[in-house]
2 protein chains.
Amino acid sequence: MNLTVAEENYIKSIYKLQDGQAVVSTNAIAYDLDTKPASVTDMAKKLKEKKLIDYEKYQGISLTPEGKRIAIQIVRRHRLWECFLVDKLSFSWDEVHEIAEELEHVRSEKLINRLSEFLGNPTTDPHGDPIPDAQGKFSKNKQLVSLDKATARRLEVAGVSDQSSSLLEFLNAKGIKLGTQIDVIERYEFDNSVEIKIRNQSAFTISEQVSKNIMVKIL
Amino acid sequence: MNLTVAEENYIKSIYKLQDGQAVVSTNAIAYDLDTKPASVTDMAKKLKEKKLIDYEKYQGISLTPEGKRIAIQIVRRHRLWECFLVDKLSFSWDEVHEIAEELEHVRSEKLINRLSEFLGNPTTDPHGDPIPDAQGKFSKNKQLVSLDKATARRLEVAGVSDQSSSLLEFLNAKGIKLGTQIDVIERYEFDNSVEIKIRNQSAFTISEQVSKNIMVKIL
DNA sequence: AATATTATTTAGATTTGTCTAAATTATATT
DNA sequence: AATATAATTTAGACAAATCTAAATAATATT
Ligand SMILES: [Mn+2]
Ligand SMILES: [Mn+2]
Ligand SMILES: [Mn+2]
Ligand SMILES: [Mn+2]
């Protein structure tokens with residue numbers, strides 16, 4: 001199956017949006033890929049033809065098993081390149097997404113497997129997202145909760161659910177990165193903001209938008 | 001100047017074919033890129049429009065200074081990725097060309113400069129070809145001669161002028177790689193074959209086609 | 001149930017990169 | 001110089017990926 005870059009981007013987007021959902025809407029994909037619903041409909045017909053998605057008009061889109069398999073391989077490539085950029089080329093976590101968005105389309109099994117080995121077969125990327133192995137298996141990922149829903153007092157940052165550089169830059173500025181230990185000082189009901197404290201720093205408050213996108217595990 | 005992958009491939013091909021030549025022919029480019037002369041003519045019009053080549057119909061094609069500048073950057077990316085694949089991911093020199101052919105199109109100055117640094121700012125790629133620096137300057141390259149024209153007896157392999165995996169696999173089989181020291185035992189006028197000897201090996205004969213593509217320096 | 005709103009698809013165009021077949025120009029051979 | 005051959009360009013077509021505007025279908029609201 002030889003896919004174009006555009007087809008790969010659609011497959012990956014559908015995979016991301018499906019997560020639990022039975023079916024993904026035309027509009028959701030268009031929004032995610034910054035394109036127009038009409039373009040999504042056009043592409044849906046092509047991907048259906050290639051048996052990578054199930055699609056009946058007005059009924060939404062979902063990946064076939066083969067489509068899902070391919071999506072996971074693209075995710076693997078994306079996340080391994082992100083690791084490379086951060087671990088080997090000292091990029092910071094807010095700079096790697098766009099570059100990986102291109103590198104993920106260089107298709108060579110040997111390349112990606114050698115890259116994985118070179119990086120020590122990492123199982124999570126710089127944003128805390130799990131990296132599937134060559135067979136598409138995800139290592140059992142620890143139950144993560146978003147900071148706004150976590151109940152424990154002492155937490156460790158284990159991921160971010162939004163990859164936008166605006167969020168990542170904000171977290172950089174506040175000294176929050178993967179592995180950072182956080183103590184929850186107070187939760188304010190009025191706006192759902194959270195006052196937190198990082199070791200050796202004075203406490204500060206973050207908004208609900210931010211806390212929703214910080215994934216944590218309980219220590 | 002935002003170029004497509006196709007445009008970059010054309011620019012690079014023209015750069016390679018120009019070498020000394022005042023002008024490159026439509027047919028030569030078509031052959032090199034495994035496409036048709038009519039397609040080259042179409043692309044020539046676009047690249048002329050973008051002021052990357054000089055072109056008047058029936059008069060051949062040549063790069064403008066800006067076209068040349070861009071070509072050199074693509075060559076830099078291509079060769080650095082080849083180094084990465086060989087030095088860091090233990091690919092052999094006959095496996096890297098195709099993959100680098102894709103990686104070279106990922107455009108991020110920061111990426112390529114960080115990659116260069118990570119590799120120790122190499123000045124030659126796995127095939128002995130020079131790598132231009134970020135400013136497009138080539139480090140003064142030693143005068144190389146092809147083995148069929150070299151007159152000295154003791155030589156060192158410093159490059160190959162053909163990147164095809166068929167040649168590289170042949171050289172692998174014979175134990176010839178960059179840095180290999182060769183003694184010329186005999187040159188046969190009849191078919192221009194050359195008998196050579198590599199340290200700790202018995203002598204063997206190589207054809208003119210092969211010796212033409214091995215670049216050597218005199219020790 | 002009728003109407004308004006939203007989501008989705010279709011129709012028709014555009015851009016990029018390619019092709020084949022035919023026409024034209026340049027070059028080589030007699 | 002005339003003719004043959006080779007190189008190049010043009011004309012017209014197609015596939016991929018996108019768009020806008022209009023049509024249609026699904027859903028929500030009165
Ligand atoms: Mn992508
Ligand atoms: Mn990531
Ligand atoms: Mn290329
Ligand atoms: Mn090379």
Side-chain angles (χ1 to χ4, degrees), chain A residues 1-15 17-18 21-63 67 70-71 74 101-102 104-107, chain B residues 1-15 17-18 21-63 67 70-71 74 101-102 104-107:
Chain A
M1 184 76 56
N2 230 27
L3 300 181
T4 65
V5 169
E7 287 169 337
E8 288 197 341
N9 283 334
Y10 273 95
I11 292 288
K12 190 160 66 101
S13 171
I14 295 163
Y15 175 74
L17 297 171
Q18 214 174 330
Q21 253 57 39
V23 122
V24 182
S25 78
T26 304
N27 269 3
I29 298 167
Y31 182 78
D32 183 58
L33 291 177
D34 195 23
T35 179
K36 296 290 179 296
S39 306
V40 176
T41 302
D42 289 343
M43 182 60 89
K45 291 172 185 167
K46 287 179 214 161
L47 294 176
K48 184 191 178 174
E49 188 59 36
K50 294 193 173 192
K51 298 188 193 304
L52 300 177
I53 62 170
D54 290 317
Y55 168 65
E56 296 301 333
K57 57 163 139 161
Y58 295 109
Q59 300 317 123
I61 292 168
S62 62
L63 292 176
I70 289 170
I74 304 168
E101 201 57 46
E102 297 194 43
E104 70 186 357
H105 302 293
V106 176
R107 237 133 11 75
Chain B
M1 184 76 56
N2 229 29
L3 300 181
T4 64
V5 168
E7 287 169 336
E8 287 197 342
N9 283 334
Y10 273 94
I11 291 289
K12 190 159 66 98
S13 173
I14 295 164
Y15 175 75
L17 296 171
Q18 214 174 334
Q21 252 58 39
V23 122
V24 182
S25 78
T26 304
N27 270 3
I29 297 167
Y31 182 78
D32 184 58
L33 291 178
D34 195 22
T35 179
K36 294 291 179 295
S39 306
V40 176
T41 301
D42 289 343
M43 182 58 91
K45 291 172 185 167
K46 286 179 213 158
L47 294 176
K48 184 189 178 173
E49 189 58 38
K50 294 192 172 192
K51 297 189 195 304
L52 300 177
I53 62 171
D54 291 317
Y55 167 66
E56 295 302 332
K57 55 161 134 162
Y58 296 107
Q59 299 316 123
I61 291 168
S62 61
L63 293 175
I70 289 170
I74 305 168
E101 201 58 46
E102 296 194 44
E104 70 187 357
H105 302 292
V106 176
R107 235 136 9 77

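Bear in mind that the values here come from a model prediction, so they are computed numbers and not experimental data.
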I would like to know whether B:Gln18 and B:Leu63 meet side-chain contact (heavy atoms from CB on, under 4.5 Å); could you show each step before the answer?
-> CA-CA 8 Å; B:Gln18 214 174 334; B:Leu63 293 175; 3.8 Å; yes
Residues A:Glu101 and A:Lys12 bridged, charged N to O under 4.0 Å = yes
Output yes when A:Arg107 and A:Glu8 qualify as a salt bridge under the 4.0 Å nitrogen-oxygen rule, no when they do not.
-> yes
What does [X] touch in the nucleic acid at a heavy-atom separation under 4.0 angstrom: a base, only the sugar-phosphate, or nothing?
X       : result
A:Ala6  : sugar-phosphate
B:Tyr31 : nothing
B:Ser39 : base
B:Thr26 : sugar-phosphate

May I ask you to verify if any side-chain N or O of [X] is less than 4.0 angstrom from the OP1 or OP2 atom of [N]?
X       : N      : value
A:Tyr55 : C:dT9  : yes
A:Tyr10 : D:dA16 : no
B:Thr41 : D:dT10 : no
A:Asn27 : C:dT6  : no
B:Lys46 : C:dT15 : no
B:Thr35 : C:dG17 : no

Between C:dT10, C:dA26, D:dA17, which one does the side chain of A:Lys57 approach most closely?
-> C:dT10
Closest listed nucleotide, where the reference is the side chain of A:Glu7 and the choices are D:dA17, D:dT18, C:dT8 = D:dA17
Side chain to side chain contact (heavy atoms under 4.5 Å, CB included) with A:Ile29: which of A:Thr35, A:Val24, A:Thr41?
-> A:Val24
Whichever of B:Ala38 and B:Lys50 has its nearest DNA chain C nucleotide further upstream toward 5' | B:Lys50
Taking atom C1' of C:dT15 as reference, at what distance in whole Å does atom CD of B:Glu49 sit?
-> 14 Å
